[in-house]
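Only one structure is covered here, and it is reproduced in the block below.
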Amino acid sequence: MSKRKGFTRRSEDFSAWYNEVVQRAELADYSPVRGSMVIRPWGYGIWEQMQHALDDMFKATGHENAYFPLLVPLSFIEREKEHVKGFKPELAVVTHAGGKELEEPYVVRPTSETIIYAMYAKWVQSYRDLPLLLNQWGNAMRWELRTRLFLRTAEFLWQEGHTAHADEAEAEAEARTMLGIYRRFMEDWMAMPPVTGVKTDGEKFAGAVRSYACEAVMQDGKALQAATSHMLGQNFAKQFDLTFQNRDGREEFAWNTSWGASTRLVGGLVMTHGDDAGVVVPPKLAPSQVVVVPIAGGEAEGAGVLAKSEELADALRREGVRARVDRRLDMSVGARFFDWERKGAPVRLEVGPRDVARGEVVVVPRVVREGGARKETLGEAEAVEGMRARLRALQDHLLGEAKARREARTVRQEVGSVRELAGLLDEGAGFVYSGWSGDPEVERRAKEEAKATIRVVPDEEFRSPAAPSKCPGGGRARMEVIWARAY
RNA sequence: CGGGGCGUGGCGCAGUCCGGUAGCGCGCCUGCUUUGGGAGCAGGAGGUCCCCGGUUCAAAUCCGGGCGCCCCGACCA
């Protein structure tokens, strides 16, 4: 990479900005494997923080982790009709191993419903074995034609939850609960407020009865499907003989759900908060929340400055803050400042000989609130003790900004034609709320002529006060939907 | 699979039209000086010019064939 000082501006070419930022903030890099990326420590650190938060929420709602094989017999995938249709074109298949051709090929899992429910069939006999609530952290592979760092890679990291229940209502409630967890995670941790709702039949998961999703608007106005939760009904149970005896002694098929979120979230984080200086990581997900940057003077001074920097980092850690000292003294201070800005560390502490002499530090947040000071000089103790509150305020600020951007990109009005829908999106609308007749033909036309899809039929709290009456495809609206151009 | 572009030190590129010593910026190494917003100076290392074949005294450059990658579209989390 040539030594370019800044990035392409978001307003010039959002997609170029994204690619540059991801690479130069050292989140990820292209690998020798087509479509697969290397996640570098800073990017992986963000993912680890996401994992911890989500994992805690899953455990708190009664789920346990387990692990299933990477390879799935091809015949398993082929068992559920819609499921094969959806995934067949993007399967990577293992045909040889141990120097021989395999009798039955394996696919590298594009998702694990089939192998997991095959195992559940073995474990579940009675209603007493239900519900079975497992989650797996792992990787999956979908051979996409066009890939983008984090947003769509051939191999991706994710979690996939798979549950089995004794009745439909309980499975439905589970699918809903998990959607709610994703939503809360996105708001509370990512500061990325999504809209939730149900997918149309055309957009639902291959093999599901119903799919729920969190959809977020990125800064360029495009929608990102950030997590999904599926009510699978008895579709997979029937194909894998996942049955149990109910209280009355009769045999029934179990009801399943599956839900997942992937490293795509990291891409969403970048596109939600990033600015022309680089990534902005919300404090709750930052691998290092505070970076102490020592400014070395002469050698004797340098030693004092370093000692003070370590002392401050220790004090911050005792306060429960993730802090690190940037000891790269052979790099100029300016270069180190820019480096952490690019990476999006929430707060920087500058510690130089002058500060040490006065018992002060310079506190610099990654993003400055309107009217706020860019740099503040504080006493050491004050800076340390106030850090948690400062980080909390930053987190809230980011959520507020993201909400405001989502609202600014939201249009609610009667849309009488596909052309009108395209016009709104061309003018910068992100989410367009309109009516829909329920006719799939309208979706097809909108996709072709406006490059837009129905992201979700929004949940009640997101719906407009007055239900729209027109459908872009003509005819009467039967429900309100959200249109967007999506990643 | 259709349309377009590109393969030259680690990265980004110039050189190709018009054949004749392989260059620039960044990065890297060493030394000295420097550190409060992307350090300076001096010295240095590093290249089968994507591959194969042809033309020629001579090929990064011309001719033929192949391979790979990127972008746009179709497909999709």
Note to self: Rounding to an integer number of Å, can you tell me how far F205(A) CZ sits from A77(B) C1'?
What the structure shows: 10 Å
Item checked: Closest listed nucleotide, where the reference is the side chain of R142(A) and the choices are G36(B), G37(B), A77(B) -> A77(B)
Check: What class does the angle between the rings of F156(A) and W158(A) fall in, given that below 30° is parallel, 30 to 60° is tilted and above 60° is perpendicular?
Finding: perpendicular
Next item on the list: Write down the distance separating the P atoms in G40(B) and U35(B), rounded off to the nearest Å.
Entry: 14 Å
Next item on the list: Kindly indicate, with the supporting measurements, whether the criterion ring pair (Phe, Tyr, Trp, His ring centres under 6.0 Å) is fulfilled by F185(A) and Y182(A).
Entry: CA-CA 5 Å; F185(A) 168 74; Y182(A) 287 132; 8.0 Å; no
Next item on the list: Under 4.0 Å between any heavy atoms, over every strand shown, what does R374(A) touch: base, sugar-phosphate, or nothing? Just pick one.
Entry: base
Pick out the pairs of N or O atoms, protein on one side and nucleotides 72-75 of chain B on the other, that lie under 3.5 Å.
residue	atom	partner	partner atom	Å
C72(B)	OP1	R146(A)	NH2	2.9
C72(B)	OP2	R146(A)	NE	3.1
C72(B)	OP2	R146(A)	NH1	3.3
C72(B)	OP2	R146(A)	NH2	2.1
G73(B)	OP2	R146(A)	NH1	3.3

Item checked: Length of the line joining R109(A):CZ and A77(B):P, which is rounded to integer Å -> 19 Å
Check: If we take the P atom in both U34(B) and U16(B), what is their distance in whole Å?
Finding: 46 Å
Check: What's the OH-C1' distance between Y30(A) and G68(B), to the nearest Å?
Finding: 17 Å
Check: What's the closest nucleotide to the V333(A) side chain, out of C76(B), G38(B), G37(B)?
Finding: G37(B)
Notebook entry, point to check: Are R24(A) and F7(A) in a cation-pi setup, meaning NZ or CZ lies under 6.0 angstrom from the ring centre and within 45 degrees of the ring axis?
Noted result: yes
Margin query: Short of 4.0 Å, heavy atom to strand atom, which residues of residues 178-197 of chain A count as contacting RNA chain B?
Written below: none
Note to self: Need one value for T453(A): base, sugar-phosphate or nothing, where a base atom within 4.0 Å counts as base even if backbone is also close, heavy atoms only.
What the structure shows: nothing
Checklist line | Pair partner, C67(B) [Watson-Crick or wobble, under 3.5 Å] | finding: G7(B)
Check: Does atom CZ of R369(A) have more than 12 heavy-atom neighbours from other groups under 6.0 Å away?
Finding: no
Checklist line | A45(B) pairs with, by Watson-Crick or G-U criteria that keep both distances under 3.5 Å | finding: none
Check: Counting any heavy atom closer than 4.0 Å, what does E350(A) reach on the DNA or RNA strands: base, sugar-phosphate only, or nothing?
Finding: base
Margin query: Without decimals, in angstroms, what is the distance between F338(A) CZ and G37(B) C1'?
Written below: 5 Å
Note to self: Measuring only the C1' atom in each nucleotide, how far is G64(B) from A22(B)? A whole number of Å is fine.
What the structure shows: 26 Å
Next item on the list: Return the nucleotide paired to A14(B): Watson-Crick means purine N1 to pyrimidine N3 with N6-O4 or O6-N4, wobble means G-U with N1-O2 and O6-N3, both under 3.5 Å.
Entry: none
Check: Taking the inter-plane angle between the rings of Y433(A) and F431(A) on a 0 to 90° scale, is it parallel (under 30°), tilted (30 to 60°) or perpendicular (over 60°)?
Finding: perpendicular
Next item on the list: Using the C1' atom on both, measure G19(B) against C62(B) and round to a whole Å.
Entry: 8 Å
Check: Expressed as a whole number of Å, how far does the P atom of G10(B) sit from that of C57(B)?
Finding: 34 Å
Next item on the list: Flag yes if more than 12 heavy atoms outside K375(A) fall under 6.0 Å of its NZ atom; otherwise flag no.
Entry: yes
Checklist line | Separation of atom CE in M37(A) from atom P in A77(B), rounded to whole Å | finding: 18 Å
Next item on the list: Could you check whether L329(A) gets within reach of a base, just the sugar-phosphate, or nothing at all, counting any heavy atom under 4.0 Å?
Entry: base
Check: Can you tell me how far the CG atom of L306(A) sits from the CG atom of L329(A), to the nearest 0.5 Å?
Finding: 5.0 Å
Margin query: Quick check on side-chain contact (heavy atoms from CB on, under 4.5 Å): which of D355(A), V325(A), V351(A) does L312(A) satisfy it with?
Written below: V351(A)
Notebook entry, point to check: The side chain of D355(A) lies closest to which of these nucleotides: G36(B), U35(B), G38(B)?
Noted result: G36(B)
Item checked: First of T147(A) and R354(A) reached from the 5' end of RNA chain B, by closest nucleotide -> R354(A)
Next item on the list: Provide the distance between the two P atoms, one in G27(B) and one in C69(B), to the nearest whole Å.
Entry: 30 Å
Margin query: Between F87(A) and F205(A), is the ring pair (Phe, Tyr, Trp, His ring centres under 6.0 Å) condition met? List the steps.
Written below: CA-CA 10 Å; F87(A) 285 109; F205(A) 177 74; 5.8 Å; yes
Checklist line | Value in whole Å for how far the P atom of C76(B) lies from CG of L91(A) | finding: 14 Å
Check: In the strands shown, is G2(B) matched to any nucleotide by a Watson-Crick or G-U wobble pair with both distances under 3.5 Å, and which?
Finding: C72(B)
Notebook entry, point to check: Mind checking the C1' distance from C49(B) to G15(B)? Whole angstroms is fine.
Noted result: 11 Å
Item checked: Nucleotide G27(B), atom P - distance to CG of D330(A) in whole Å -> 13 Å
Checklist line | Within 45° cone of Y487(A) ring axis and under 6.0 Å: R152(A) NZ or CZ | finding: no
Check: Can you find a donor-acceptor N/O pair under 3.5 angstrom joining the side chain of R348(A) to the base of G37(B)?
Finding: yes
Item checked: Pairing nucleotide - U34(B), Watson-Crick or G-U, each distance under 3.5 Å -> none
Next item on the list: For E160(A), answer base if it contacts any base atom (sugar-phosphate contacts may also be present), sugar-phosphate if it contacts only those atoms, and nothing otherwise; contact means non-hydrogen atoms under 4.0 Å.
Entry: nothing
Note to self: Around atom CZ of R444(A), are there more than 12 heavy atoms from other residues, nucleotides or ligands closer than 6.0 Å?
What the structure shows: yes
Item checked: Separation of the C1' atoms in U21(B) and G47(B), to the nearest angstrom -> 15 Å
Next item on the list: Please state how far atom NZ in K199(A) lies from atom C1' in C76(B), giving the value in whole angstrom units.
Entry: 12 Å
Margin query: With ring pair (Phe, Tyr, Trp, His ring centres under 6.0 Å) as the criterion, how do H83(A) and F236(A) come out once you've worked through the C-alpha distance, each side chain's angles and the decisive distance to 0.1 Å?
Written below: CA-CA 9 Å; H83(A) 197 60; F236(A) 287 90; 5.0 Å; yes
